[in-house]
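Residue numbers begin at 1 in each chain, while the letters A, B, ... track the order of the sequences.
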Protein chains: 2
Amino acid sequence: MVIGYAAPMAETPRAPAHIRTLPSWLLGRAAARGHRLVGEALARVGLRMMHHAVLSAVAESGPLSQAELGRGLGIDRKDMVAILDDLQGEGLVTRAPDVTDRRKNAVAVTASGRRLLRRAVRLGDAANDELTAALSPAERAQLVDLLTRIVQPGEPCAAPPHGGR
Amino acid sequence: MVIGYAAPMAETPRAPAHIRTLPSWLLGRAAARGHRLVGEALARVGLRMMHHAVLSAVAESGPLSQAELGRGLGIDRKDMVAILDDLQGEGLVTRAPDVTDRRKNAVAVTASGRRLLRRAVRLGDAANDELTAALSPAERAQLVDLLTRIVQPGEPCAAPPHGGR
DNA sequence: GTCCTATCGTTGGGAAACCCAACGGTTCGG
DNA sequence: CCGAACCGTTGGGTTTCCCAACGATAGGAC
């Protein structure tokens, strides 16, 4: 039972049309490219994306607990431990017991952490420029706006509504 | 805790997170949400995202080889084997040796595969509607356009015309 | 015809991110 | 005092991505 098709398959190697119109698919592919670009850029200062995000959050919002960091960035607690182990091991952040709540670790950025972050920000920004090279500044701003509204469907997860007690 | 160093540039009253303005970060978060929503939806018909993508590509572009599928969808050959093993095991696609090139497998969709795909498409579309619920139709179209232009330049695994090793 | 290169499917390994569930230590309220 | 809830830690697991081989096959060079 041979299907009698005479198809020069080499002509259309791509384009499943339907899937390419789905935001979920496009988001996945675009995120993969962004992850690759930014990952390669940050690797030049020995950082990974998540490490960069944590370092940036700590440097901006002062001493934070690991749980607060995880909620704010959407990182799992398991991974947060490993990330902070790495950052602390390289002297980029400090993990000190919180004085007011001994359950928490007060994560703070060090001087060298702030210094490295400055370089990482430059590299990350450059990678993002390359990622959005096909977009005009206005289009990029629009993309950021649209994505922000997709990521936060209702309220940010940092503030759960009153009810689940 | 007041950081008292004078910012040389325009200081914003509050800069919540520099990370959240980076397209790469937003893309990652948005893609994660889309993956979760679509994944849950497709799970109701026993499909995963990649399985759905492969099934859709095969149903659209007729018999294809595994390598062509992988290039068109950006899926690794290793994973493609496993995906097709699953799809074939459930009778959704057939893997027959290509008559013109015995290296290739001619992957084709079956009747039940096409039937299941129809349901999967509806579920996937609904999940994407929920994903982009905060966007107007025009905004969603704009998002698709912007994302398409971001994904294009790289063209993940497309064969480079010249290059080589 | 014989080589040589490239591709195809398959198998192997590993990395990174994601999610869930438990445990001891701690805080807080009843 | 006791239970509920939180925190950090460790333990499972899954999925996607990338690299490198191997035998089998196709196409071209000679």
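The side chain of B:Arg29 lies closest to C:dC18, out of D:dG8, D:dT15, C:dC18. Comparing D:dC17, C:dG13, D:dG8 against the side chain of A:Asn105 picks out D:dG8 as the nearest.
Counting to the nearest Å, the P atom of C:dG9 and the CG atom of B:Asp98 are 9 Å from each other. Summarising the geometry, the separation between NE2 on A:His52 and C1' on C:dA17 is reported as 18 Å, rounded to the nearest angstrom. Residue B:Met80 contributes atom CE, which lies 18 Å from atom P of C:dT7 at whole-angstrom precision. In this structure, B:Ile75 atom CD1 and D:dC18 atom C1' are separated by 14 Å, rounded to whole Å. Rounded to whole angstrom, the span from the CZ atom of B:Arg95 across to the P atom of C:dG9 amounts to 9 Å.
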Legend entry - Summary of protein contacts for nucleotides 23-28 of chain D, nucleotide by nucleotide, where a base hit scores B, a sugar-phosphate-only hit scores S (4.0 Å, heavy atoms): --BS--
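When the nearest nucleotides of DNA chain C are assigned to B:Leu84 and A:Asp76 by heavy-atom distance, the more 5′-ward of the two goes with B:Leu84. Remark on DNA chain D: of its neighbouring residues B:His35 and A:Lys104, the 5'-side contact belongs to A:Lys104, judged by nearest-heavy-atom nucleotide.
Residues of residues 36-50 of chain B having a heavy atom closer than 4.0 Å to DNA chain C, listed by number: B:Arg36.
Overall bending of the helix from C:dG1-D:dC30 to C:dG30-D:dC1, expressed as the angle between end axes built from five pairs apiece, is 10° (10° steps).
Look at B:Gln66 and you won't find any side-chain N or O under 4.0 angstrom from OP1 or OP2 of C:dT7. Within the structure, every side-chain polar atom (N or O) of A:Arg33 is placed at least 4.0 Å from both OP1 and OP2 of D:dC17. Taking only side-chain nitrogens and oxygens, A:Arg77 never comes nearer than 4.0 Å to OP1 or OP2 of C:dC23.
Applying the side-chain hydrogen bond (donor to acceptor under 3.5 Å, both in side chains) rule to B:Asp101 yields the partners B:Arg103; only residues at least two apart in sequence or on another chain are considered. B:Val45 pairs by the side-chain contact (heavy atoms from CB on, under 4.5 Å) definition with B:Leu47, B:Leu116, B:Arg119, B:Ala120, B:Leu123, not counting sequence neighbours. Applying the side-chain hydrogen bond (donor to acceptor under 3.5 Å, both in side chains) rule to B:Arg48 yields the partners B:His51, B:Asp86; only residues at least two apart in sequence or on another chain are considered. Under the side-chain hydrogen bond (donor to acceptor under 3.5 Å, both in side chains) criterion, A:Thr94 pairs with no residue, sequence neighbours left out. The side-chain contact (heavy atoms from CB on, under 4.5 Å) test applied to A:Met50 returns A:Ile75, A:Ile83, B:Trp25, not counting sequence neighbours. Legend: residues meeting side-chain hydrogen bond (donor to acceptor under 3.5 Å, both in side chains) with A:Glu90, ordered by chain and number and at least two apart, are absent. When the side-chain contact (heavy atoms from CB on, under 4.5 Å) test is applied to A:Ala31, the partners found at least two apart in sequence or on another chain are B:Leu27, B:Ala31. Residues satisfying the side-chain contact (heavy atoms from CB on, under 4.5 Å) test with A:His35, not counting sequence neighbours, are A:Met49.
A donor-acceptor distance shorter than 3.5 angstrom exists from the side chain of A:Asp76 to the backbone of A:Lys78, with no hydrogens or angles considered.
In terms of heavy atoms, B:Val144 sits closest to A:Thr21 at CG2-O, 3.8 Å. The shortest non-hydrogen separation linking B:Val109 to B:Ala59 is CG1-CA, 3.9 Å.
For the salt bridge (charged side-chain N to carboxylate O under 4.0 Å, His left out) condition, the pairs that include at least one residue of residues 125-144 of chain B, sequence neighbours left out, are A:Arg149-B:Glu139, B:Asp129-B:Arg140.
The base of D:dG11 sits with one of its N or O atoms less than 3.5 Å from a complementary donor or acceptor on the side chain of A:Lys78.
Nucleic acid contact class of A:Asp79 (heavy atoms, under 4.0 Å, all strands): base.
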